[in-house]
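Notes follow once the structure below has been shown.
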Protein chains: 2
Amino acid sequence: MSEQDQSRKTPAEASLERNRWSRPPRVLIVEDERAIAELIRYNLNKNGYQCQVAEDGEEALLAVEELAPDLIILDWMLPEVSGIEVCRRLRARPQTRSVPIIMVTARSEEADMLRGFREGADDYMRKPFSLNELNARVDAALRRTRVTHQAHLLEVGDLVLDSEALTVSRAGKRLHLAPTEFRLLQALMLTPGRVLSRDSLLSQVWGLDSDVEARTVDVHVRRLRKALNGEGGLSMPDYIRTVRGVGYCIEAA
Amino acid sequence: MSEQDQSRKTPAEASLERNRWSRPPRVLIVEDERAIAELIRYNLNKNGYQCQVAEDGEEALLAVEELAPDLIILDWMLPEVSGIEVCRRLRARPQTRSVPIIMVTARSEEADMLRGFREGADDYMRKPFSLNELNARVDAALRRTRVTHQAHLLEVGDLVLDSEALTVSRAGKRLHLAPTEFRLLQALMLTPGRVLSRDSLLSQVWGLDSDVEARTVDVHVRRLRKALNGEGGLSMPDYIRTVRGVGYCIEAA
DNA sequence: CAGGGCTGTAACATACCTGTAACAAACCTT
DNA sequence: AAGGTTTGTTACAGGTATGTTACAGCCCTG
């Protein structure tokens with residue numbers, strides 16, 4: 001269930017949306033009451049998440065290693081190691097420092113909640129809680145990590161363009177592109193498989209009010225190809241397809 | 001340290017006293033009820049945040065441009081443009097897509113809350129709410145984006161910046177940086193891998209209302225590189241990447 | 001008050017990028 | 001197969017962005 005954004009999304013963004021999570025997000029539920037754990041698990045499963053349950057703190061810490069979850073739902077009251085202690089330990093490890101943690105607890109004192117946040121929780125919900133609300137908060141937390149980590153990645157084959165770091169790499173190797181080349185590639189990669197006319201590229205890359213000749217696009221495509229495929233031997237496959245009489249298009253061979 | 005005179009310490013900045021180098025996080029409060037807005041503002045100020053208030057949706061959208069806030073507290077019910085609409089528009093713009101938004105509203109229906117999350121809110125609080133809780137949630141949201149004054153250790157490669165001790169070291173060896181160089185490095189290291197424009201750096205390092213020329217950034221980058229990589233031979237790899245036509249970015253090679 | 005460090009600006013040097021023209025090659029039409 | 005059209009390729013002149021250096025003013029320290 002690709003959650004909320006049924007409203008405003010260009011097809012390009014929608015395809016991005018799919019690319020970002022090629023796998024279902026993994027959620028670790030740490031909760032000693034079986035019934036509650038199952039309820040949450042059922043609910044999250046229904047929304048496309050892959051869940052695992054841990055019933056005490058020790059188990060939770062182990063499960064984090066194995067599962068490498070994208071998000072953790074953490075009950076405060078647990079046998080063995082308490083939830084708050086689990087939280088603290090996860091925050092102490094660099095590897096798990098940035099995994100979102102939603103604390104869920106029957107403790108209603110404000111002081112407890114503040115403590116939870118202080119120990120590094122990302123969100124805090126009091127029991128009893130609405131499953132819909134939990135869902136919404138899970139979505140929000142994951143959306144956030146998506147936005148900060150990979151929202152700006154465009155991929156075609158072994159080509160990756162990062163529009164935030166403004167970098168392009170092919171097969172893991174960083175490439176150097178001139179500004180115009182970068183924008184041109186970006187325009188192409190926004191709609192992989194779709195043919196873009198020279199005029200369309202001109203307006204996207206050079207701006208709507210540019211007086212640049214259409215042929216200039218060709219020259220830049222040439223430069224871009226050179227940069228992507230390697231100068232001389234063109235040892236790598238060319239992702240940029242020329243569509244005679246129309247324009248260009250990028251696609252994974 | 002020209003800091004001392006330029007920072008007229010409101011009593012609220014007491015907690016930041018020892019930390020003159022780190023820029024206080026900027027929070028935009030969007031709330032049409034003056035009394036509530038002031039309450040929130042006072043409370044956040046006390047905790048070392050720099051606040052600005054917008055009283056309606058239009059004003060909010062403008063303020064976002066100017067202030068470039070690190071976090072937004074957004075009331076649902078607003079004159080002109082509603083909070084939910086503001087939220088949607090901010091999420092539609094790439095530049096503001098990742099700014100944390102905490103929705104604060106008197107609407108208690110679950111459906112409203114779900115809608116808030118669906119439009120991209122990061123957190124949702126029902127009025128009336130505890131100021132302590134608001135504080136904790138603001139802290140949590142900013143901790144995630146690492147723009148908080150609490151994350152005082154920044155690392156990139158073998159570079160370590162301690163914004164509390166005000167020290168920088170490379171490969172364990174302590175370096176000497178001038179104040180401006182320090183703040184510049186800090187701004188870069190807050191978002192490693194992300195390209196920062198000269199304008200953005202100017203507002204972060206020199207302040208929003210400075211009339212310093214953009215080229216000045218280049219000169220300081222030069223000085224910073226010298227300090228980081230070693231005066232002459234540049235024996236160490238350069239973590240600062242120049243992005244032609246845009247600005248600079250720090251990354252671990 | 002003298003000196004040293006820090007800062008912002010100007011000026012120069014350099015590296016890089018860019019659009020166009022001109023020619024070559026490929027393609028399509030007839 | 002010829003002729004016209006579209007695209008590939010190359011070279012280049014000019015422009016722009018950045019690197020680098022020098023310097024004058026400022027503030028603080030001693």
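Letters A, B, ... mirror the listed sequences (proteins, then strands); counts begin at 1.
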Report task. Please report the closest heavy-atom contact between B/Val99 and B/Pro69, naming both atoms and the distance. Result -> CG1-O, 3.7 Å
Report task. For B/Val246, answer base if it contacts any base atom (sugar-phosphate contacts may also be present), sugar-phosphate if it contacts only those atoms, and nothing otherwise; contact means non-hydrogen atoms under 4.0 Å. Result -> sugar-phosphate
Requested in this report: Indicate whether OP1 or OP2 belonging to D/dG19 is found under 4.0 Å from a side-chain N or O atom of B/Thr242.
Outcome: yes
Report task. With the side chain of A/Arg198 defined as its heavy atoms from C-beta on, choose the nearest nucleotide among C/dT7, C/dC6, D/dT7. Result -> D/dT7
**Report entry** Exercise: do A/Thr242 and A/Arg225 side chains pair donor with acceptor under 3.5 Å
**Finding:** yes
Report summary line: Per nearest nucleotide of DNA chain C, the residue lying toward the 5' end, A/Glu213 or B/Thr216, is B/Thr216
Query raised in the report: Less than 3.5 Å between a donor and an acceptor, one on the side chain of B/Arg223 and one on the base of C/dG8, is that the case here?
Result: yes
Report summary line: On a heavy-atom basis, the closest approach of A/Val156 and A/Pro192 is CG2-CB, 3.9 Å
Query raised in the report: Any ion pair linking B/Glu133 and B/Arg137 (charged N to carboxylate O, less than 4.0 Å)?
Result: yes
Query raised in the report: NA contact type, B/Val217, heavy-atom cut-off 4.0 Å: base, sugar-phosphate, or nothing?
Result: nothing
Query raised in the report: When you measure from the side chain of B/Arg88 to the backbone N and O of B/Gly83, does any donor-acceptor pair fall under 3.5 Å?
Result: no
Query raised in the report: Hey, is the main chain of B/Ala92 close enough, under 3.5 Å, to the side chain of B/Arg97 for a donor-acceptor pair?
Result: yes
Query - Side-chain N,O (B/Trp206) to OP1/OP2 (C/dG8) below 4.0 Å - result: yes
Query - Nearest-neighbour nucleotide for the B/Asp218 side chain, D/dT18, D/dG8, C/dG8 considered - result: D/dT18
Report task. Return the value, rounded to whole Å, for the distance between atom CD of B/Glu181 and atom C1' of C/dG5. Result -> 11 Å
Report task. Answer with base, sugar-phosphate or nothing: what part of the nucleic acid does A/Phe182 contact at a heavy-atom distance below 4.0 Å? Result -> nothing
Query raised in the report: Checking B/Asp70 side chain against B/Arg26 main chain: does a donor-acceptor pair fall under 3.5 Å?
Result: yes
Query raised in the report: A/His220 NE2 to D/dG8 P: how many Å, rounded?
Result: 14 Å
Query raised in the report: For A/Leu184 and C/dT18, what is the distance between atoms CG and P respectively, to the nearest whole Å?
Result: 11 Å
Query raised in the report: OP1, OP2 of D/dT6 versus side-chain N and O of A/Tyr248: anything below 4.0 Å?
Result: no
Report summary line: the helix from C/dC1-D/dG30 to C/dT30-D/dA1: angle between terminal helix axes, five bp per end, to the nearest 10 degrees, reads 30°
Protein-nucleic acid N or O pairs under 3.5 Å, nucleotides 22-29 of chain C:
residue	atom	partner	partner atom	Å
C/dC27	O2	A/Arg244	NH2	3.4

Report summary line: Between A/Tyr248 and A/Ile240 the two heavy atoms that sit nearest each other are CD2-CG2, 4.1 Å
Requested in this report: Check the distance between C/dC16's P and A/Leu177's CG and give it to me in whole angstrom.
Outcome: 15 Å
Query raised in the report: Under a 4.0 Å N-O cut-off, is there an ion pair linking B/Glu181 with B/Arg223?
Result: no
Report summary line: Per atom distances to the B/Val212 side chain, the nearest of D/dT7, C/dG8, C/dT7 is C/dG8
Query raised in the report: Which heavy atom in A/Ser210 sits nearest to a heavy atom in A/Leu202, and how many Å separate them?
Result: OG-O, 4.4 Å
Requested in this report: State whether B/Arg225 places a side-chain N or O below 4.0 Å from either non-bridging phosphate oxygen (OP1 or OP2) of D/dG19.
Outcome: yes
